[in-house]
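Order of the sequence lines fixes the chain letters, A, B, ..., with proteins taken first and strands second; residue numbering starts at 1 for each chain.
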Protein chains: 2
Amino acid sequence: MTTHIFEDAAPSPLAPRRTLRDVARLAGVSVSTASMALADKSRVSASTKQAVRQAAAALSYVPNSSGRALRAQRVGALAVVVPHTSHHVFTHPVFMDLLEGITAAANEHGVTTILSTAPAEHDEAPAYLRILEGRQADGVIVASASVRDQNVDRLAASGYPVTLVGRRPHRPSLHCVGIDDLGGFQALTEHLLGAHGHRRLAHIAGPLDHQSAIDKHEGFRAALAQAGVAYDPSLVVESDYSQEGGHAAALELLEGPALDAIVAANDQMAFGAIEAMRDHGLDAPRDLAVVGYDDIGLARVMHPQLTSVCADLVEVGRLAAERLLELMAGKQPQPVQRELPTTVIVRASCGCPPERIQRGTTA
Amino acid sequence: MTTHIFEDAAPSPLAPRRTLRDVARLAGVSVSTASMALADKSRVSASTKQAVRQAAAALSYVPNSSGRALRAQRVGALAVVVPHTSHHVFTHPVFMDLLEGITAAANEHGVTTILSTAPAEHDEAPAYLRILEGRQADGVIVASASVRDQNVDRLAASGYPVTLVGRRPHRPSLHCVGIDDLGGFQALTEHLLGAHGHRRLAHIAGPLDHQSAIDKHEGFRAALAQAGVAYDPSLVVESDYSQEGGHAAALELLEGPALDAIVAANDQMAFGAIEAMRDHGLDAPRDLAVVGYDDIGLARVMHPQLTSVCADLVEVGRLAAERLLELMAGKQPQPVQRELPTTVIVRASCGCPPERIQRGTTA
DNA sequence: CAACATTGTGCAAACGTTTCGACATCGCGT
DNA sequence: ACGCGATGTCGAAACGTTTGCACAATGTTG
């Protein structure tokens, strides 16, 4: 499979690669001196440094990263791996934000970002482990793994630098950065219960083998409990974070007895739900309040504008990357399960005139 | 900057890395034999192969990619670089699709994908060149570069494998994969002119230093010309592919004389425009038709549902990657400027009852 | 003026892999 | 029985870098 890439290539019209030897020769010094000069070591004289730097510039020398990595036993790269099964779980806009934060942090540290969509989870040697063992990267960020994914445990046990994106409450030894989805979803639900007095709330959940979906469900229940409203399992439908899934789930809910509101676990499903209501000739928020989660950019321009919960996912990515970089640099900080706060963004779809309420976290 | 990453790390509790030497020792053969055995060379006997493979499995040996790359002078990675200035140009959903196609193709060939958001374009040695010269990747895919970006020419001249995403009509020597935006936008505009008889059409353009925006503008003009409608430059506003930009541009247009329709260069700007209309108490399509481009997932669930143009961007990514992989393998195919066809998706925002028309391309 | 500390440079080894050429060993034919 | 080709294995070199150590050159001190 991979082999044919390594077959010999036709000679390309490339200028021959400049190596440190060429630089050294041009500067009239030895290779080792050239190396030290470029690394700005104190052992080499100012004049020599000058000469070497000049030669390097003249040849537009760029150090070969394989050679360097081989010697340093460190490649200077981190891998972002998103399990293949979470293809739709990581809804696009959210994932892009994450990636933005990660690459920003990596760039600042001169570290390369490699992107890996791990194939089969049940594979004997999961993709991320192979990446680490093959020394393609010095550490990995695992995004949105299923709570059942036992590879995550193997990975953590391997001793390699690993950071997880998303809460992982039962793995206290792991470094995680996530969102306080529980608190955020609870606040969202409370808004419907408190400000609007709704009582019959339905919940379109995400895939419940993912912590984010579990947390949101928990938040939903917590809010109900606090308001003294009985939790009715028949009003909870598990779905998959997609519009289509939200659509289907909403259709199912609309078959049942009348509702006051639908609380969807993300914006896409909320959109799907609104679409489904439209099929039934219903309108949000007139007939039914609908709220979402994530506050993707389009939530604001939808009609009705969608009440949602926003969190800084760029920051999540950045923090996860920075923690990983610390680990890669050999520091051994205490594992921290960091949770970022959320903000409920009230718009029209819940029946409110637009306004904004802030909600901190327990963390 | 990058140096501190290479400072020595505290010894981590990692199992010592297994090298080919360990495998060879365990199998009772020499290193070179072990190497050939794992590569399945014909020179080595079946029994030896068996033994080596067994040893490798027992030690869960994974070849070190730096060592391999150094020897092979080929790292087995491609880089996706998106110029920093096009931060918003590559609107999120589109970029994700692209990335999906690229990683899929790369994975199938056992090639790693590295993600590079190039900093300053005017940098002396642009990020992508450094990646190639430093041998971090064997080739690059440049996504959405400005037509003015002279680095692209340097890159092409460098002789390294390069593929561009997006048309590049005046650089026939480059390998490009793009969308027939001209044809697609022309078809979209024709729909408004033909099916609806609209005459006063405004265009919210993308940044006109990008080919996609130029093509759409051309398509817009071509459709007008063909319908015998005069082109009025005052009805064209250049924007930046963002919702906010579309909002502002639409406000500007709404100041002027009455319009029949707004043709936005992407969906986000169309959403922004609809939002702006709402500010003025206007409604689409009642008062004004609005159409977008890209057919992002949410276009279907908006209210009104957005008439748009869809293209297979996953396929664009895949084709670009496959072409790059050919180049990386040493093949020297003729440079091809490939353009994928588009389809106009008619929905409610132009005033139509939903239906679907297909539109091929000139290509 | 000799011995010594200091400063700057070079040599060589090592990182892990692949491949080239040399070299045993064996079976075969003459 | 001897040589010869085939077969399978091994040692060594190379890819480009960094670094420990030895060493040359310089300047300083007794």
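- As judged by a 4.0 angstrom heavy-atom cut-off over every strand, A/Ser35 is placed among the base-contacting residues.
- The pair B/Arg338-B/Glu315 does not count as a salt bridge, with every side-chain nitrogen at least 4.0 angstrom from each carboxylate oxygen.
- Both A/Arg43 and A/Arg21 sit near DNA chain D, but only A/Arg21 has its closest nucleotide nearer the 5' end.
- Of the candidate nucleotides D/dT17, C/dG10, C/dT19, C/dG10 has the atom nearest to the side chain of A/Thr33.
- Between A/Leu20 atom CG and D/dC15 atom C1' the separation is 14 Å, expressed in whole Å.
- Counting to the nearest Å, the C1' atom of C/dG16 and the OH atom of B/Tyr61 are 7 Å from each other.
- For the residue pair A/Gln136 / B/Thr112, a side-chain donor-acceptor distance below 3.5 Å is found, with atom types taken as modelled.
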Test side-chain contact (heavy atoms from CB on, under 4.5 Å) applied to B/Leu115 and B/Leu99, step by step: CA-CA 9 Å; B/Leu115 192 59; B/Leu99 222 46; 4.1 Å; yes
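- Among C/dG10, C/dG8, D/dT17, the nucleotide with an atom closest to any side-chain atom of A/Asn64 is D/dT17.
- Not one side-chain nitrogen or oxygen of A/Ser66 sits closer than 4.0 Å to the OP1 or OP2 atom of D/dC15.
- Taking atom CZ on B/Arg135 and atom C1' on D/dC15, their separation rounds to 11 Å, with Å as the unit.
- The 5' end of DNA chain D is approached more closely, in terms of each residue's nearest nucleotide, by B/Ser45 than by the other of B/Ser45 and A/Gly67.
- Applying side-chain contact (heavy atoms from CB on, under 4.5 Å) to A/His175 and the options A/Leu327, A/Leu324, A/Val162 leaves one that passes, A/Leu327.
- Straight-line distance from the CE atom of B/Met36 to the P atom of C/dA22: 15 Å, rounded to whole Å.
- Taking atom CD of B/Gln50 as the reference point, atom P of D/dG8 lies 15 Å away to the nearest angstrom.
- A/Ser32 comes within 4.0 angstrom of a nucleotide base, judged by non-hydrogen atoms across all strands.
- Taking only side-chain nitrogens and oxygens, B/Ser65 never comes nearer than 4.0 Å to OP1 or OP2 of C/dG16.
- Counting all heavy atoms, side chain and backbone alike, A/Pro63 lies closest to A/Arg68 at CG-NH2, 3.0 Å.
- For D/dG11, the base has no donor-acceptor partner in the side chain of B/Ser30 [N/O atoms by modelled type, under 3.5 angstrom].
- Checking C/dG16, C/dG8, C/dT19 against every side-chain atom of A/Thr48, the shortest atom distance belongs to C/dG8.
- Closest to the side chain of A/Arg71, out of D/dG16, D/dC10, C/dT17, is D/dG16.
- Nearest heavy-atom pair across A/Ala106 and A/Thr113 is CB-OG1, 3.5 Å.
- For the pair A/Leu38 CG and D/dG16 P, the interatomic distance rounds to 16 Å; values are reported in whole Å.
- Protein atom CZ of B/Arg25 is 13 Å distant from nucleotide atom P of C/dT17, rounded to whole Å.
- The side chain of A/Leu70 has C/dG16 as its nearest neighbour among C/dG10, C/dT17, C/dG16.
- Among the protein residues, A/Lys41 comes within range of the sugar-phosphate backbone only, with heavy atoms under 4.0 Å from sugar or phosphate atoms but none that close to a base.
- For the pair B/Arg68 CZ and D/dG16 P, the interatomic distance rounds to 18 Å; values are reported in whole Å.
- Residue-level contact check: A/Val29 touches the backbone only, with heavy atoms under 4.0 Å from sugar-phosphate atoms and none from bases.
- Each of D/dC15, C/dA14, C/dT19 was ranked by its minimum atom distance to the side chain of B/Gln73; first place goes to D/dC15.
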